[in-house]
There are 2 protein chains.
Amino acid sequence: MVAKRRAEMVEETRGKLVRAARKAFAEKGYAASSMDDFTAEAGLTRGALYHNFGDKKGLLQAVIAELDAEILVRMAAARARAATPWQGLLDESIAYLEMALEPEIQRIMLLDGPAVLGDPSRWPNQSACLRATAQTIERLIEAGTIRPVDAEAAARLLNGAALNAALWIAAADDPPAVLAKAVEAFRRLAEGLLGARP
Amino acid sequence: MVAKRRAEMVEETRGKLVRAARKAFAEKGYAASSMDDFTAEAGLTRGALYHNFGDKKGLLQAVIAELDAEILVRMAAARARAATPWQGLLDESIAYLEMALEPEIQRIMLLDGPAVLGDPSRWPNQSACLRATAQTIERLIEAGTIRPVDAEAAARLLNGAALNAALWIAAADDPPAVLAKAVEAFRRLAEGLLGARP
DNA sequence: TCAACTGGCATACGATGCGTATGCAAACTT
DNA sequence: AAGTTTGCATACGCATCGTATGCCAGTTGA
């Protein structure tokens, strides 16, 4: 059949809008992205946007949900490759740090996202990648690898450290060199979570 | 004399604008603050703003510089009260975390600032409070209290951890309880910087 | 199968906010 | 005291957003 079903058409429209918005937000930032411009680039108008996402913020939420899901997968992959659970936490955090260096993720999720939508803990998807780190930490506590600590708090601290380091690195004159320093320092900090200190 | 000198008039105008903008940015956020509105509230117009600060971003920079200076002072005070240099680092960082809970600082410096002006390392004042923490860490390294590490990187990581924790705490249902957990976890992380581990 | 209906998207309109160009008066200069 | 500079206000044009309205394709029920 040549004519698609209604639901498919809608999904296609939403997909086009999310892709166009993601590109525009990444390149120009949320505030400087004109809804008229990137909807036109998707072969649509603002009418489609308002109908499907309510407003500009709604579309940003959709874009962020997509990015968050991708980050979650990549973090899980990094953790899966690690030799030990402890190394898994380090690798997943460092993977996050490296992803946070990518302009698209940095601009949309780390800069515009919190400024426009508020703290990630209040986002619809609850920022799945944050919850994942908290779970990793909980498992390490149960295994006795690290001392008991509030997992959510520790996850949030590690995440923030990586996030802020990424902003710093991306703005640095020599990102690769600075990245190495940051990773080393990050490892040192994370070790503070390990077993009892004399 | 009734007529003030020119330089004084200008300082007064700039002060009025910064105060009005600071209030508006804190209450509504940068994007939602109308220049017409808050300049009028200061008894001025956008003409004064453009003449003195170039544009809206220029005014935000001025507001941030003012906040940064205040934060620097309060961090130094916290460090000065500490019994030991190591405790000084902890106290100054926790003071930062607590300041980051204040709506004005959180909204302007942590959310809108980076989104609009980019990474703090590129701000005109270089974010003095970040440099201060780096210096504190350098002194601790020289004293042999903590193992050698890139001070700037470590400062940035600690700062990011505190910053992100503050966003989380402020968005939580029971901030005081969450703050306590965050401070404890932060202390644990920071201890990763201490002397050699067995 | 056909008629009524629903839903998805486009178009049109009004309102708001920004940046620049211009004007004017007070303060500095010599 | 006349000329010059400077600080700020006013006025205009442009871009962008949100809503109200309209239209056509797809859906539904007899």
Side-chain angles (χ1 to χ4, degrees), chain A residues 1-63 107-108 112-113 115-117, chain B residues 1-63 107-108 112-113 115-117:
Chain A
M1 65 178 156
V2 58
K4 295 182 178 175
R5 297 201 160 270
R6 190 115 174 180
E8 294 173 2
M9 301 279 296
V10 171
E11 265 321 293
E12 193 176 319
T13 296
R14 294 174 67 98
K16 281 183 189 170
L17 287 173
V18 168
R19 272 191 300 276
R22 178 169 166 167
K23 182 166 173 286
F25 292 165
E27 289 173 357
K28 307 184 188 178
Y30 175 83
S33 294
S34 161
M35 297 167 75
D36 278 318
D37 287 353
F38 68 73
T39 51
E41 201 168 341
L44 296 163
T45 69
R46 284 184 305 129
L49 193 161
Y50 279 104
H51 186 77
N52 282 287
F53 297 98
D55 59 358
K56 201 180 181 184
K57 287 167 83 167
L59 183 52
L60 177 61
Q61 283 189 346
V63 170
R107 179 79 245 178
I108 300 177
D112 288 332
V116 175
L117 303 177
Chain B
M1 66 178 158
V2 59
K4 295 183 179 177
R5 295 197 168 273
R6 191 123 182 184
E8 293 173 2
M9 302 279 294
V10 170
E11 266 322 292
E12 192 176 319
T13 296
R14 294 175 66 98
K16 281 183 188 169
L17 287 173
V18 169
R19 271 192 300 276
R22 178 169 167 167
K23 183 164 172 288
F25 292 164
E27 288 174 357
K28 306 184 189 179
Y30 175 82
S33 295
S34 161
M35 297 165 74
D36 278 319
D37 287 353
F38 67 72
T39 51
E41 201 167 341
L44 296 162
T45 69
R46 285 184 303 130
L49 193 161
Y50 281 103
H51 187 77
N52 282 287
F53 297 98
D55 59 358
K56 201 180 180 185
K57 287 167 82 166
L59 182 52
L60 177 60
Q61 284 189 347
V63 170
R107 178 79 245 179
I108 300 177
D112 288 332
V116 175
L117 303 176

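Proteins come first, then strands; the chains are lettered A, B, ... in the order of their sequence lines, and each starts at number 1.
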Return the value, rounded to whole Å, for the distance between atom [atom1] of [X] and atom [atom2] of [N].
| X | N | atom1 | atom2 | value |
| --- | --- | --- | --- | --- |
| K28(A) | dA15(D) | NZ | P | 13 Å |
| F53(B) | dC8(D) | CZ | C1' | 13 Å |
| E11(B) | dC8(D) | CD | P | 10 Å |

Any donor-acceptor N/O pair, R22(A) side chain to L17(A) backbone, under 3.5 Å: no
Shortest non-hydrogen contact between A26(A) and I108(A), atoms and distance: N-CD1, 3.8 Å
Atom pair CG/CG of D55(A) and L60(A) - distance to nearest 0.5 Å: 10.0 Å
Side chain to side chain contact (heavy atoms under 4.5 Å, CB included) involving R14(A) - partner list, sequence neighbours excluded: V10(A), E11(A), N52(A), F53(A)
Sequence neighbours excluded, every pair satisfying side-chain hydrogen bond (donor to acceptor under 3.5 Å, both in side chains) that has a member inside residues 24-39 of chain A: D36(A)-R46(A)
Base versus backbone protein contacts along nucleotides 6-18 of chain C [heavy-atom cut-off under 4.0 Å; B, S, -]: -BBBBBB----SB
